[in-house]
There are 2 protein chains.
Amino acid sequence: MDIKASSELKPGVNLPASGTVSTINDVARLAGVSIKTVSRVMNNEPNVRAETRVKVQEAANLLHYRPNLLARSLAGARSFLIGIFYDNPNPSYINAVQNGAIRRCRESSYHLLIEPQDAHSPDLERNIAGLLATIRLDGVILTPPLCDMAVVLHAVEAAGVPYVRISPFLNPGRSPIVRMDEARATYEMTQHLIAMGHRDIGFVLGHPEHGGTHLRYQGFTKALSEAGITPRPDWVKQGFFSYESGIEAGKSFFADGKPRPTAIFSSNDYMAFGIMGVAQQMGIRIPEDISICGFDDAPGSILIWPHVTTIRQPVEDIAYAAADILLAKAEVEDEDGTKRDTDRMLPFELIKRNSVGPV
Amino acid sequence: MDIKASSELKPGVNLPASGTVSTINDVARLAGVSIKTVSRVMNNEPNVRAETRVKVQEAANLLHYRPNLLARSLAGARSFLIGIFYDNPNPSYINAVQNGAIRRCRESSYHLLIEPQDAHSPDLERNIAGLLATIRLDGVILTPPLCDMAVVLHAVEAAGVPYVRISPFLNPGRSPIVRMDEARATYEMTQHLIAMGHRDIGFVLGHPEHGGTHLRYQGFTKALSEAGITPRPDWVKQGFFSYESGIEAGKSFFADGKPRPTAIFSSNDYMAFGIMGVAQQMGIRIPEDISICGFDDAPGSILIWPHVTTIRQPVEDIAYAAADILLAKAEVEDEDGTKRDTDRMLPFELIKRNSVGPV
DNA sequence: GTATGCCCTGCCAGCGCTGTCAAAAAAGCA
DNA sequence: TGCTTTTTTGACAGCGCTGGCAGGGCATAC
């Protein structure tokens, strides 16, 4: 076979049939160097002569060589795999997290293993420990609610696997964290309502065991008190982030004869959908009779009419940042950059649509 | 350390500190057998004396031994990894597919690698080929639209990796397939509309390049003609599966002065949402003035009011079945079961909610 | 008694690659 | 030029496990 490459590759070596997997050995032989040198080139290690590097790369291209991930993992210190653990019923959230993490993984030729877990399983800790013993992951991303569970943190720490938590509520400082300023988001949204002339504002709380719930309420009350408005306790309803609990809250707000607020801030979009459904059936117009806003920018918020004014979390970017922290571990830390990496806060976006109007 | 186990384990072997990973070697030493015997026990291979088996299992438990997946993969023929390729913007669909596949994977201690791909990338084939060369997957699941792309099939076949396609449109018989009877689903839904007294029924087509589009329309026309109804061509609108195209279709149906159908069958839920939004804004009541049904049972279909009558695809079960075909490969084929595995058809569910009513 | 076969077990090689270390080549220096 | 230092390269030993095989023990058959 005639090889036209510029450098002098070893002749007489068979080129691969289509679909054949070539090994580092094949490349070494073609390039006329040792396996180790090929390894160096493939890993971008220094101390390889430029000329040699080119020769090896040509051979690798010719053979369509791709290093075997398994073998690399076994021999080396890295597995080129990171995992993401979650127990979250919200597909669009999970999807965004996965996409963000994968985007970062691809930049470093890493792969993502998804590991949904049952947060209520008594075997949770054992499952995670077993998994981490079976596959030596280079890092793990933890999302709510797992990121706030002691057994989960313990299992991951015991395995000695680096991890990053997304939007955790408990144990700040225990690990690197990526999140969004939820309190500030509700604060600004509340200011927006006030700017539209609303002073009678109701609030629907999220699930009490979920960290975001408290932060979101904090921002709400802060904006209120800064505007000199005293919140009415009977206009703060307990919800659980579900559509159904939104319906309950809506019924409670719109019960006959009771005075009702001119705006309702729902701690997430699903509950807002529920409230809006109740309003619609009772002939209460949105936003003419009442303004309603949500949180999360769930996919449904532009499906429903009117479209819902809400807060968009940059979920994908958050996950990207989480993966970035994990994968950048080996890189040099710049003088003042160390701190930044342990707690990244990403910006939110207030999305004004049609469900909020002036008083 | 005092070992109380019933069988005579070798004394004097250090038990592991918490968080330590023990290897097959440790187990072999503790149990007083060779590495190979431990391997046999861990893989449930025959020809191990019951007594020996127990001894090994005790040692493994004591040491919290978990076989190293990477090493197993490298030495053996299997990687214990399957992959799923997709390019689908619908998070709830992807989530369901992932969950179904993972459920089956866990039954065989397999893991799932997710690989979103850009169907329009010119590098698609190269990306897939490279990926499959890097990680030797034991199987691959392909979802629409990738499962109908020649370059994708070619890349997977060239790598010699077994694959299963979910709901493909093209090339039946080229690989095992799992799907749902979409034509039958629209057929039955149409019959349902007819049973409610509707004879003037509009239809919104899906994206012309998507396989399901044609099948769904087939079922619709079949039911119509069986009922002696001639469909009006001007009541069949082209849509593209998007919310926006639903809005367009709705505007077209509800244009002033034109006669309109008493029911509209939308090829998916998102378009139905769009149609319903238009109706709502024009004061057309659902289902009193017009009935509307969709397809897919998208999460939004119970968020919107009225809730949408639709078809539920057992997406998770379909993915479970796809993974099952891949993982069951090594198992014996029963006398007549071979054929069954190459094309599994799962049942759909017609979900009657409030968006469809009698004429 | 010896031969035949089966069951159980262990030895050895090696999967494809990286880490370590030493040797060889090149470069720097007096 | 001859020496030291640095850069570049390769030999070798595994990573933890499985596949192939051979060997030992034991039961059955002749």
Have A:Asn171 and A:Arg165 got a donor and an acceptor in their side chains that come within less than 3.5 Å? no
Among A:Leu113, A:Val152, A:Leu124, A:Leu131, the one residue meeting side chain to side chain contact (heavy atoms under 4.5 Å, CB included) with A:Phe85: A:Leu131
Taking all heavy atoms of B:Ala59 and all of B:Ala31, pick out the closest pair and write down the distance. CB-CB, 3.9 Å
When the distance from [atom1] of [X] to [atom2] of [N] is rounded to whole Å, what number comes out?
| X | N | atom1 | atom2 | answer |
| --- | --- | --- | --- | --- |
| A:Ile35 | C:dG19 | CD1 | P | 15 Å |
| A:Leu69 | C:dC17 | CG | C1' | 11 Å |
| A:Asn68 | C:dG16 | CG | C1' | 6 Å |
| B:Leu74 | C:dC15 | CG | C1' | 4 Å |
| B:Asn47 | D:dG19 | CG | C1' | 15 Å |
| A:Arg40 | C:dC21 | CZ | P | 14 Å |
| A:Arg29 | C:dG16 | CZ | P | 12 Å |
| B:Asp138 | D:dT18 | CG | P | 14 Å |

Just to confirm, is there a sub-4.0 Å distance from OP1 or OP2 of [N] to any side-chain nitrogen or oxygen of [X]?
| X | N | value |
| --- | --- | --- |
| B:Ser39 | D:dT18 | yes |
| B:Asn25 | D:dC17 | no |
| A:Thr37 | D:dG10 | yes |
| B:Arg72 | D:dG16 | no |

Remember a base hit wins even if backbone is also touched, and classify A:Thr52 as base, sugar-phosphate or nothing at under 4.0 Å, heavy atoms. sugar-phosphate
Distance from B:Gln98 atom CD to B:Arg103 atom CZ, nearest 0.5 Å? 14.0 Å
Which nucleotide sits closest to the side chain of [X]: [options]?
| X | options | value |
| --- | --- | --- |
| B:Ala75 | D:dA11, C:dC17, D:dT18 | D:dT18 |
| B:Arg49 | C:dC8, D:dT18, D:dG16 | C:dC8 |
| B:Val48 | C:dT9, D:dT18, D:dA11 | C:dT9 |
| A:Lys36 | C:dC17, C:dC8, C:dT18 | C:dT18 |

Using heavy atoms to find the nearest nucleotide of DNA chain C for A:Ala77 and B:Gly76 separately, return the residue whose nucleotide is more 5′. B:Gly76
Closer than 4.0 angstrom, basic N to acidic O: yes or no for B:Arg104 and B:Asp324? yes
Taking for B:Pro67 and for A:Arg53 the nucleotide of DNA chain D with the nearest heavy atom, the one nearer the 5' end belongs to A:Arg53
